[in-house]
Structure formats: structure tokens, C-alpha cells
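A short worksheet on the structure shown next.
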Amino acid sequence: MTTFTIFEQILAHISFFLLFLVTLIYWSKLIYINDETLNISGKISMIIAFVSITLFLLIRWILSKHFPLSNLYESSMFLSWGLTLIHSILENRTKNNWLGIITAPSAMLAHGFATLGLPIEMQQSIPLVPALQSHWLMMHVTTMILSYSALLCGSLLAITLWIVVETKQKKFPTMKSNPFLYSLISRDFNKIKNTNIYYKSRNSLCFINFRKWQLIYELDNCSYRIISFGFPFLTLGILSGAVWANEAWGSYWNWDPKETWALITWLIFATYLHTRMLRGWRTKQSAIIASLGFFIIWICYLGVNLLGKGLHSYGWLLQNS
């Protein structure tokens with residue numbers, strides 16, 4: 001068991017280092033260090049980080065003899081795993097090599113919060129409390145954390161989309177002064193400079209405007225798809241949690257703070273999807289709703305737990321105080 005524990009710690013440190021390295025690789029593209037070697041290095045490092053976190057969770061499962069989602073440390077590591085999974089799927093499907101600028105830091109921060117932000121006592125594997133000794137643990141918590149991973153990625157893309165839309169009327173010099181935005185909208189210049197679009201619009205401002213609208217479409221489409229993917233998991237997680245609550249506490253819904261904020265999160269993203277599918281909203285309006293969802297998720301996932309309120313709270317701040 002001691003060997004497994006040491007191996008678990010090594011995997012945790014390796015995965016965090018790799019996520020930090022991946023973040024540096026993707027953010028280095030903001031200063032135009034963007035070549036094929038860096039792209040391949042980023043992808044390989046992210047895959048190795050994903051495998052390392054997977055092995056970490058498996059070892060944790062073996063040592064604790066229960067699915068590793070029983071406290072804030074394990075759920076944060078699982079959130080980091082989910083973010084790396086969403087990143088890998090999204091990058092492979094869209095073939096965009098800039099998405100890691102947004103997703104890689106998210107996975108690193110979730111991992112860093114678990115390994116560096118939580119006390120050592122919280123990181124220890126302990127037996128499950130009676131309320132968590134249920135087969136619903138894997139079903140409910142897994143779907144909720146996966147939904148958080150997808151919805152957080154989609155919301156971050158929506159925030160980026162909102163920033164791009166807000167600056168769409170600004171001129172070329174202003175945009176160039178923003179390294180993040182300018183690097184995104186100009187990175188495909190070599191791919192299209194020989195096309196008719198370039199010859200019809202030789203003015204650099206026209207090209208930037210074209211690339212900017214292309215970026216808006218890509219961000220809008222990716223954000224919508226990821227949120228559409230995460231919303232069913234959120235719905236399933238809430239429903240399974242209600243069934244589990246009835247078994248554990250004798251009631252399907254107790255208006256616990258965690259349950260209330262989960263419902264608010266569901267309503268926010270249901271509104272986003274409703275406006276996209278039925279009202280046909282695009283860009284700024286839908287991006288504002290999804291951006292609001294980003295903050296609501298963190299209140300639901302982290303804020304309620306850290307305050308130590310309600311039946312779902314891990315309460316480690318109260319214990320330490």
C-alpha cells in the first residue's frame with residue numbers, strides 16, 4: 001500500500017507539472033511562437049497529463065476501495081481530469097490548435113487548487129461517511145463533475161466570444177495592442193493570403209475583420225456544442241441526486257444550498273439553449289448568458305462547499321477553524 005501511495009503522489013506531481021507546461025506552450029503562442037513542434041508538444045503533454053490523472057484516480061480507487069469522489073480534493077482532481085478530456089475531444093474534433101489557451105489553464109488551476117490549495121488532511125483518503133456509502137455515488141457525482149467540466153469550457157469560450165464581439169468595431173491598431181485577441185485573429189494569415197479573399201481585401205483592416213468574424217463563428221459554434229454536451233449530464237446528475245437524496249434523507253428535494261444553486265445553474269444553461277434553438281440568438285446575447293453561467297457554476301461547485309453550509313458541504317474550512 002505504501003508503494004501505491006508514493007506512486008499516487010508522484011502521478012499527482014507529474015500531471016500538475018505537465019498541465020503547467022501545456023499552459024506555457026499554448027500561451028507562448030500569444031507572442032507568435034507558433035510552430036508545429038510546439039503544437040505537437042502541447043498535444044502530447046496534454047495526453048500524458050490525462051493518462052497520469054487517470055492512473056492517479058485508479059490508484060486512489062484501489063487504495064480507498066470506493067470511487068474517488070468522496071471529498072473536495074478528489075472531486076477537484078476529477079474536475080481537472082474532465083477538463084483535460086474535454087480539451088482533447090474538442091481539439092481533435094475541431095482541429096483548432098488555439099483552444100488550449102483557454103482549456104489548459106482551467107485544468108491546471110483545478111489541479112493546483114486540489115494539490116496546493118487544500119490542506120494535507122483533506123488530501124488523505126478516508127472511509128466514506130454513511131450517507132455516501134451508496135451505488136449512487138458514482139452515478140451522481142460523476143455526471144455532475146463531467147457536466148461542470150463541459151459547461152465551464154463552454155462558458156470560457158463564451159466569455160472569449162463576448163470579448164471579441166465587444167472589440168469588433170475597433171480598428172486594427174487597437175486590436176494589435178491586445179496580444180491575446182490579435183494572435184487569435186491573425187494566426188491563419190498564411191493559410192488564406194493566397195486566396196481570392198486576400199486579393200479582394202488587401203487592406204489589413206479588411207482581413208482582420210474577416211478573420212475576426214471567422215473567429216466569432218468558431219467560438220460561438222464550439223461554445224454551443226460543448227454546452228449542449230454538458231447540459232444533459234447536468235440534468236442527469238440532478239435527477240440521480242434527487243433519487244439518492246430520497247434514499248439517504250427521505251425526500252427528493254430539500255432546498256439544500258447545493259440543490260438550490262444546482263437548479264439555478266440548470267435554469268441558466270436551459271435559458272441559453274432555449275434562446276439559441278428557439279429564439280435564434282447568436283453571439284453577444286447568448287454569450288452573456290453563458291458567461292453568467294460560468295460564475296454560477298463556481299458558486300454551486302466551490303462556494304457552497306467552502307462555506308460549509310448544507311447537507312452537501314465538505315466543510316473543511318469550518319473544520320480547520
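The figures here come from the full heavy-atom set of this structure, side chains too, leaving out hydrogens, waters and symmetry mates.
- At a threshold of 4.5 Å between non-hydrogen side-chain atoms, the residues Leu90 and Leu157 count as touching.
- With hydrophobic clusters built from ILVMFWY side chains whose heavy atoms lie under 4.5 angstrom apart, Val141 does not share a cluster with Leu239.
- A continuous path of Ile, Leu, Val, Met, Phe, Trp and Tyr side chains, each step under 4.5 Å between heavy atoms, connects Ile89 with Ile102, placing both in one hydrophobic cluster.
- Electrostatic pairing of Lys43 and Glu91 does not count as a salt bridge here, judged by no charged N lying under 4.0 Å from a carboxylate O.
- To the nearest 0.5 Å, atoms CD1 (Ile288) and OH (Tyr272) are separated by 12.5 Å.
- Side-chain contact between Leu21 and Phe16 is absent, with no heavy-atom pair separated by less than 4.5 Å.
- Ser223 places no side-chain N or O within 3.5 Å of a backbone atom of Leu219 that could act as its donor or acceptor partner.
- In this structure, CG in Leu79 is found 9.5 Å from CG in Leu302, a value given to the nearest 0.5 Å.
- Contact detail for Ile226 and Gly154: the closest heavy-atom pair is CG2-N, 3.8 Å.
- Put simply, the side chain of His87 never gets that close to the backbone of Thr103: no donor and acceptor are under 3.5 Å apart.
- No continuous path of ILVMFWY side-chain contacts below 4.5 Å connects Ile120 to Leu116, so the two sit in separate hydrophobic clusters.
- Counting only distance, with no hydrogens or angles, the side chain of Asn71 and the backbone of Tyr73 share a donor-acceptor pair below 3.5 Å.
- For Phe67 against Glu74, the heavy-atom pair with the smallest separation is O-OE1, 4.4 Å.
- In summary, Asp220 and Arg276 engage in a salt bridge, as defined by a charged side-chain N under 4.0 Å from a carboxylate O.
- Counting heavy atoms from C-beta on, the side chains of Leu273 and Tyr224 come closer than 4.5 Å.
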Give the C-alpha distance, both sets of side-chain angles, the deciding distance and a yes or no for side chain to side chain contact (heavy atoms under 4.5 Å, CB included) between Thr260 and Asp256. CA-CA 6 Å; Thr260 303; Asp256 179 75; 6.0 Å; no
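- When all heavy atoms are compared, the tightest approach of Ile227 to Ala290 is CD1-CB, 3.8 Å.
- Residues Trp255 and Leu263 are in side-chain contact: their nearest non-hydrogen atoms beyond the backbone lie under 4.5 Å apart.
- When hydrophobic clusters are built by joining Ile, Leu, Val, Met, Phe, Trp and Tyr residues whose side-chain heavy atoms come closer than 4.5 Å, directly or via intermediates, Phe113 is grouped together with Phe295.
- For Phe78 and Trp81, the distance between ring centers is under 6.0 angstrom.
- Distance CG/Leu19 to CG/Leu24: 11.0 Å, rounded to 0.5 Å.
- Judged purely by atom type and a 3.5 angstrom limit, Thr142 has no side-chain atom pairing as donor or acceptor with the backbone of Met139.
- Cys153 contributes atom SG, which lies 9.5 Å from atom CG of Leu85 (distance to the nearest 0.5 angstrom).
- Of all heavy-atom pairs spanning Phe231 and Ala270, the tightest one is CE1-N, 3.6 Å.
- Residue pairs meeting the side-chain hydrogen bond (donor to acceptor under 3.5 Å, both in side chains) criterion with at least one member in residues 144-157, sequence neighbours excluded, do not occur.
- Distance alone, capped at 3.5 Å, is enough to place a donor-acceptor pair between the Ser80 side chain and the Ala107 backbone.
- A heavy-atom distance below 4.5 Å is not found between the side chains of Phe56 and Val51.
- In this structure, NZ in Lys258 is found 7.5 Å from OH in Tyr301, a value given to the nearest 0.5 Å.
- To the nearest 0.5 Å, atoms CH2 (Trp244) and NE2 (His140) are separated by 6.5 Å.
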**Request:** Could you walk me through whether Met77 and Thr115 pass the side chain to side chain contact (heavy atoms under 4.5 Å, CB included) test, one step at a time?
**Result:** CA-CA 8 Å; Met77 292 296 290; Thr115 55; 4.0 Å; yes
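- Across all their heavy atoms, Ile53 and Ser15 have their closest contact at CG1-CB, 3.6 Å.
- The two residues Ala49 and Leu18 come nearest to each other via the heavy atoms N-CD1, 3.7 Å.
- Under the 4.5 Å side-chain criterion, counting only non-hydrogen atoms from C-beta, Met138 is not in contact with Leu69.
- Residue Phe17 places its CZ atom among 12 or fewer non-hydrogen atoms of other residues, nucleotides or ligands, all under 6.0 Å distant.
- A continuous path of Ile, Leu, Val, Met, Phe, Trp and Tyr side chains, each step under 4.5 Å between heavy atoms, connects Ile238 with Val243, placing both in one hydrophobic cluster.
- In this structure the side chain of Leu72 reaches within 4.5 angstrom of the side chain of Ser76, judged on heavy atoms.
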Assess the residue pair Trp136 and Ser240 against the criterion (side chain to side chain donor-acceptor pair (under 3.5 Å)); give the C-alpha distance rounded to whole Å, side-chain angles, the decisive distance to 0.1 Å, and a yes or no. CA-CA 7 Å; Trp136 287 105; Ser240 61; over 6 Å; no
**Study point:** Stepwise side chain to side chain contact (heavy atoms under 4.5 Å, CB included) test for Val22 and Met108
**Key:** CA-CA 9 Å; Val22 170; Met108 182 196 69; over 6 Å; no
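- In this structure, Leu151 and Leu234 have side chains that are in contact, with non-hydrogen atoms separated by less than 4.5 Å.
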Would you check, one step at a time, whether the test side chain to side chain contact (heavy atoms under 4.5 Å, CB included) holds for Leu292 with Phe269? CA-CA 9 Å; Leu292 177 62; Phe269 287 103; over 6 Å; no
